Amino acid sequence: MALKIMILGANGFIGSALTGAILRERDWEVYGIDLSDNKLGDLPKDNRFHFVEGDITINKEWVEYHVKKCDVVVPLVAIANPAQYVTHPLRVFELDFEANVEVVRHCVKYGKRLIFPSTSELYGMSPDPVLDEETSPLVYGPINKQRWIYAASKQLLDRVIYAYGVRDSLDYTLFRPFNFIGPNLDNIEEPKEGSSRVFTQFLSNVLYRRPIKLVDGGNQKRSFTYIDDAIECLLTILENKDGRATRRIFNIGNPDNCVSIRDLAERTIRIAQEFPALRDAAKGTEIIEVSAGEYYGKYYQDIQVRVPAIEAAKRDLGWRPRTDMDTAIRRTIDFYVQLGSFNSLNASASGL
Ligand code: UDP
């Protein structure tokens with residue numbers, strides 16, 4: 001019997017990429033819900049994809065009914081953008097924690113397998129140079145630094161899920177994304193600062209001929225992971241051959257792509273120049289420095305370096321990331337060029 005997978009947030013960055021990969025590479029059925037369908041392209045035409053437009057906080061009966069009906073539940077509805085942790089902390093808690101804990105409980109009630117997105121943010125300002133799923137301490141700043149409401153909400157969910165595993169044998173896998181990047185991460189056509197995560201923000205700045213802003217000098221580092229590599233890992237987790245991913249936590253990240261934010265800015269500008277549609281805009285893009293206070297306000301606190309240990313995923317899932325930094329940047333830009341985003345926007349951005 002083909003697996004029935006339920007994806008909440010099927011139109012999101014991870015959800016849309018995962019749905020596409022399942023339909024292309026597996027014979028499984030997907031039941032998806034999201035607020036809109038703009039990232040799904042032709043996928044809803046596939047008769048193995050059953051998609052409805054809706055809000056999981058309102059369409060609660062649809063959600064419970066489909067948890068009952070499916071084999072595996074992948075709840076990907078969440079706010080995962082640091083700019084919003086500081087501007088809308090309660091919305092982060094209500095959606096990321098409160099709405100999701102209901103889904104977790106449905107999985108317990110109906111005995112369904114749960115693949116849940118934890119986060120690399122969970123490690124916070126951990127002193128470990130390489131972050132390990134089982135041993136690294138999770139370190140956050142004071143309450144007045146509202147950024148940590150996301151990490152704290154997610155940490156509590158990880159603990160709740162873990163406890164259901166111990167008490168009720170809930171079959172779950174927690175996965176921790178490390179700065180996934182790729183097509184459809186955020187909206188590059190949204191020029192407002194802070195509406196996107198860093199890579200989309202930089203692409204958008206190039207496009208709109210605005211300076212790239214390095215928060216506090218841009219020496220902080222992240223390990224960027226190309227979405228296709230991440231999806232390959234998620235498919236293996238979904239497959240769960242011999243229960244190898246059951247009641248486990250996996251970092252999904254690419255330690256070889258650990259670069260500073262300044263380096264990311266420079267690479268983005270350099271690689272954008274390879275594309276005729278972007279050459280002029282990229283050549284003229286300035287890099288400036290701003291303070292974290294100016295950019296995010298007083299509730300923000302940064303993480304200086306974030307490198308995943310991926311031995312667990314390598315050893316137990318037989319997975320390894322393959323896409324290097326420049327290829328990840330190039331493929332993402334190429335996606336938008338193919339889509340024609342830059343042509344029309346270039347014209348409007350330069351007032352043509
Ligand atoms: N950042 C930056 N300029 C921007 C946007 C973000 O320098 O225009 C920095 C931000 O302060 C952080 C890093 O880039 O140190 C990554 O930010 P992102 O929003 O992608 O998420 P995070 O990795 O912190 O979860």
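The model shown is predicted, which means the values in this text are computed figures rather than measured ones. These numbers come from the heavy atoms of this one structure, side chains and all, not from hydrogens, waters or symmetry mates.
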Open item on the list: Give me each pair satisfying salt bridge (Lys or Arg N to Asp or Glu O under 4.0 Å) with a member in residues 162-174, each pair once, sequence neighbours excluded.
Closed with: Arg113-Asp171
Open item on the list: Please list all pairs meeting salt bridge (Lys or Arg N to Asp or Glu O under 4.0 Å) that have one or both residues in residues 6-34, counting only residues at least two apart or in different chains.
Closed with: Arg26-Glu239
Open item on the list: Under the rule for ring-ring contact (aromatic ring centres under 6.0 Å, His included), what residues qualify as partners of Tyr85, not counting sequence neighbours?
Closed with: Tyr150
Task: Any Leu76 side-chain heavy atom under 4.5 Å of Leu8 side chain - done: no
Task: Validation row: Phe175, Pro177 side chains within 4.5 angstrom (heavy atoms) - done: yes
Open item on the list: If the test is side-chain hydrogen bond (donor to acceptor under 3.5 Å, both in side chains), which one of Gln338, Arg331, Arg330 qualifies with Asp334?
Closed with: Gln338
TODO: Please list, chain by chain and in numerical order, all residues satisfying side-chain contact (heavy atoms from CB on, under 4.5 Å) with Lys283, sequence neighbours excluded.
DONE: Gln273, Arg279
Open item on the list: Going by side-chain contact (heavy atoms from CB on, under 4.5 Å), name the residues that satisfy it together with Pro129, two or more places apart in sequence or in a different chain.
Closed with: none
TODO: Quick one: which residue pairs count as a ring pair (Phe, Tyr, Trp, His ring centres under 6.0 Å) with a foot in residues 284-317, not counting sequence neighbours?
DONE: Tyr296-Tyr300
- [ ] With sequence neighbours left out, write down each residue that passes side-chain contact (heavy atoms from CB on, under 4.5 Å) with Gln304, or none if nothing qualifies.
- [x] Gln220, Asp302
For residues 13-21, run the donor-acceptor check on the side chains, cut-off 3.5 Å, and write out each pair with its distance to 0.1 Å, sequence neighbours left out.
unit_1: Ser16; atom_1: OG; unit_2: Gly12; atom_2: O; d: 2.6
unit_1: Ser16; atom_1: OG; unit_2: Phe13; atom_2: O; d: 3.4
unit_1: Thr19; atom_1: OG1; unit_2: Gly15; atom_2: O; d: 2.7

Open item on the list: If we count only N and O atoms by modelled type, under 3.5 Å, do the side chains of Trp148 and Gln301 hold a donor and an acceptor together?
Closed with: yes
Open item on the list: If only side-chain N and O atoms count, and only distance matters, is there a donor-acceptor pair under 3.5 Å linking Glu294 with Ser291?
Closed with: yes
Open item on the list: Looking only at the side chains, is there a donor atom on one of Asn11 and Asn38 sitting less than 3.5 Å from an acceptor on the other?
Closed with: yes
TODO: May I ask you to decide whether Arg210 forms a salt bridge with Glu286, counting only side-chain N to carboxylate O separations under 4.0 Å?
DONE: no
- [ ] Indicate yes or no: at least one non-hydrogen side-chain atom of Ile227 is less than 4.5 angstrom from one of Ile181.
- [x] no
Task: Pairs involving residues 38-60, ordered by first then second residue, that meet ring pair (Phe, Tyr, Trp, His ring centres under 6.0 Å) (sequence neighbours left out) - done: Tyr31-His50, Phe49-Phe51
- [ ] Report yes if the side chains of Tyr336 and Leu207 come closer than 4.5 Å at any heavy-atom pair, otherwise no.
- [x] no
Open item on the list: Side chains of Ser153 and Asp96: any donor to acceptor distance under 3.5 Å?
Closed with: no
Open item on the list: With heavy-atom distances below 4.5 Å as the criterion, would you say the side chains of Ser223 and Asn254 are in contact?
Closed with: no
Task: Option passing side-chain contact (heavy atoms from CB on, under 4.5 Å) with Ile329 (candidates Asp324, Leu203, Leu264) - done: Leu264
Open item on the list: Strictly below 4.0 Å, N to O, side chains only: are Arg267 and Asp263 in salt-bridge contact?
Closed with: yes
- [ ] Using side-chain contact (heavy atoms from CB on, under 4.5 Å) as the criterion, list what pairs up with Asn219, not counting sequence neighbours.
- [x] none
- [ ] Kindly indicate whether the side chain of Val307, heavy atoms from C-beta on, has any atom under 4.5 Å from the side chain of Phe178.
- [x] no
Task: Test side-chain contact (heavy atoms from CB on, under 4.5 Å) applied to Val103 and Val73, step by step - done: CA-CA 9 Å; Val103 180; Val73 178; 3.9 Å; yes
- [ ] Please tell me if the side chains of Val30 and Leu23 come closer than 4.5 Å, counting only heavy atoms from C-beta onward.
- [x] yes
Open item on the list: How about OH on Tyr110, more than 12 heavy atoms from neighbouring residues, nucleotides or ligands closer than 6.0 Å, or not?
Closed with: yes
Task: Partners passing side-chain hydrogen bond (donor to acceptor under 3.5 Å, both in side chains) against Arg270 (at least two apart in sequence or in another chain) - done: Asp326
- [ ] With sequence neighbours excluded, tell me which residues meet salt bridge (charged side-chain N to carboxylate O under 4.0 Å, His left out) with Lys145.
- [x] none
TODO: Establish, from distance only, whether the side-chain atoms of Arg105 and Tyr164 form a donor-acceptor pair under 3.5 Å.
DONE: yes
Open item on the list: Before you tell me yes or no, could you show the steps for Lys213 and Glu289 under side-chain contact (heavy atoms from CB on, under 4.5 Å), namely the whole-Å CA-CA distance, both residues' side-chain angles and the distance that decides it to 0.1 Å?
Closed with: CA-CA 5 Å; Lys213 293 184 179 166; Glu289 294 184 17; over 6 Å; no
Task: Pairwise side-chain contact, Tyr172 with Arg248, heavy-atom cut-off 4.5 Å (strictly under) - done: no
Open item on the list: Less than 3.5 Å apart, any donor N or O on the side chain of Gln201 or Arg197 sitting next to an acceptor on the other?
Closed with: no
Open item on the list: Could you tell me if Ser120 and Arg176 have a donor-acceptor pair between their side chains, going purely by distance under 3.5 Å?
Closed with: no
Open item on the list: Assess the residue pair Asn240 and Ile115 against the criterion (side-chain contact (heavy atoms from CB on, under 4.5 Å)); give the C-alpha distance rounded to whole Å, side-chain angles, the decisive distance to 0.1 Å, and a yes or no.
Closed with: CA-CA 10 Å; Asn240 199 22; Ile115 314 293; over 6 Å; no
